[in-house]
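The structure appears right after this line, and notes come after that.
Every value quoted in this text rests on a predicted model; they were computed, and no experiment measured them.
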Amino acid sequence: MKVGIIGCGAIANIITTSIVPEENDIEIAYFFDKDIERAENLASLADGVAVLDFDDMLYKVDLILECAAPVSVKEYAPKVLSHGIDMIVMSIGALMDNEFYKELESLAKQNNAKIHLPSGAIVGLDGIKAVAKFGLKEVSLVTRKSPKSLGKDIDSEEVLFEGKASQAVKEFPLNINVAATISIACQKDIDVKIIVDPNVDRNVHEITAKGDFGEFKTTTMNYPCAANPKTSMLAALSAIRLLKSFNETISVGM
């Protein structure tokens, strides 16, 4: 499977350097970034090709992996799916726009393409998906991050946001993809609270789900990526796991 990458930052670096083509039957071959130097640097690590024009890799890959930002999903995803190419979307917040979500879903169906959304920086998504249609009544997310990861300079804990996921991803498009992931998984606009806390050095996500099935809670305490404190290492690892799963004969979980 040949893969092309949109966005050659921290997550793309982790994914690219972790995939061994000979072991996984996956070749990350093409790299696109509006900063061509970043694309060239990452391409050199993978013995791949940096492209100046995004269209140059469309007919040469089996799958496109987006690791950029929500605006890149809006710009490139319709073209990818229109060409019948599968896509992994990391900037899941872009799909909280319901009209855009339906547009991509329609394009994928028309062109026999698949859209894959990794679990990202949280655990427990399989449980949420399992109960989504079976009496799930309430889902909430409390995210706690350091001032550095949120671009803040404060010395005391502060609630930055409290409301619905759809609004959270608009106000924090590069920080709260997990809210979009959970909302899409359970088909609810979940309740979100974002706290900036100078006493934490990890990105902490607490999920609570309640319904006819009972109740479960998960807490994920992620170390942020060294190269980009806005994102968690687990987000990159979830994409690596997803890529490798495509060639597995036996699949565990959802």
ask   = Is it the case that more than 12 heavy atoms not belonging to Glu99 sit under 6.0 Å from its CD atom?
value = no
request  = Check whether Leu81 and Ile88 end up in the same hydrophobic cluster, where Ile, Leu, Val, Met, Phe, Trp and Tyr are linked by side-chain heavy atoms less than 4.5 Å apart.
outcome  = no
query = Between Arg144 and Glu157, is the closest basic N to carboxylate O distance under 4.0 Å?
reply = yes
message = Are Leu243 and Leu42 connected into the same hydrophobic cluster when the rule is that any two of I, L, V, M, F, W, Y join if their side-chain heavy atoms are below 4.5 Å apart?
response = yes
inquiry  = Heavy-atom count check: over 12 atoms from other residues, nucleotides or ligands less than 6.0 Å from Asp53 CG?
reply    = yes
note = d(Leu117 CG, Ile115 CD1) to nearest 0.5 Å is 7.0 Å
ask   = Just wondering, are more than 12 heavy atoms of other shown residues or ligands nearer than 6.0 Å to CE in Met1?
value = yes
message = Could you check whether Arg38 pairs with Asp33 (Lys NZ or Arg NE/NH1/NH2 to Asp/Glu carboxylate O, under 4.0 Å)?
response = yes
ask   = Side chains of Ser245 and Leu242: closer than 4.5 Å at any heavy-atom pair?
value = yes
message = Please determine whether residues Leu95 and Leu65 belong to a single hydrophobic cluster, defined as Ile, Leu, Val, Met, Phe, Trp and Tyr linked transitively by side-chain heavy-atom distances below 4.5 Å.
response = no
ask   = Can you check whether Glu206 reaches Lys217 side chain to side chain, under 4.5 Å on heavy atoms?
value = no
Check: residues 171-178 side-chain donor-acceptor pairs under 3.5 Å, at least two apart:
residue: Glu171; atom: OE2; partner: Gln167; partner atom: NE2; Å: 3.2
residue: Asn175; atom: ND2; partner: Ser149; partner atom: O; Å: 3.0
residue: Asn177; atom: OD1; partner: Ile92; partner atom: N; Å: 2.9
residue: Asn177; atom: OD1; partner: Gly93; partner atom: N; Å: 2.8

request  = Go through the steps for Thr220 and Val204 under the test side-chain contact (heavy atoms from CB on, under 4.5 Å), then give the verdict.
outcome  = CA-CA 6 Å; Thr220 312; Val204 182; over 6 Å; no
task = For the pair Ser44 and Glu40, evaluate side chain to side chain donor-acceptor pair (under 3.5 Å) and give the outcome as yes or no after the intermediate values.
result = CA-CA 6 Å; Ser44 67; Glu40 289 173 342; over 6 Å; no
ask   = Is there side-chain contact between Met233 and Tyr223, with heavy atoms separated by less than 4.5 Å?
value = no
request  = Identify whether Ile182 and Phe216 are in the same connected component of the hydrophobic contact network (ILVMFWY, side-chain heavy atoms under 4.5 Å).
outcome  = yes
task = Would you sort out whether Val61 and Val3 count as a side-chain contact (heavy atoms from CB on, under 4.5 Å), showing the intermediate values?
result = CA-CA 5 Å; Val61 298; Val3 178; over 6 Å; no
inquiry  = When you compare the side chain of Thr143 with that of Lys145, does any pair of heavy atoms fall below 4.5 Å?
reply    = yes
ask   = Should Leu234 and Val89 be regarded as members of a common hydrophobic cluster, given that ILVMFWY residues are connected when their side-chain heavy atoms come within less than 4.5 Å of each other, either directly or indirectly?
value = no
request  = Salt-bridge test for Lys74 and Asp97: reply yes if a basic N is under 4.0 Å from a carboxylate O, no otherwise.
outcome  = yes
query = Are Lys193 and Phe161 in a cation-pi contact, defined as NZ or CZ under 6.0 Å from the six-membered ring centre and within 45° of the axis?
reply = no
message = Measuring only between side-chain heavy atoms, which start at C-beta, is Glu215 closer than 4.5 Å to Thr208?
response = yes
inquiry  = One pair to check against side-chain contact (heavy atoms from CB on, under 4.5 Å): Lys210 and Lys137. What are the steps and the verdict?
reply    = CA-CA 6 Å; Lys210 299 177 182 180; Lys137 291 183 168 61; 5.7 Å; no
inquiry  = Are Phe31 and Val51 packed together at the side-chain level, in the sense that at least one heavy-atom pair is separated by less than 4.5 angstrom?
reply    = no
Heavy-atom side-chain contact between Tyr76 and Glu66 under 4.5 Å = no
ask   = Does a side-chain heavy-atom distance below 4.5 Å link Asp62 with Ile85?
value = no
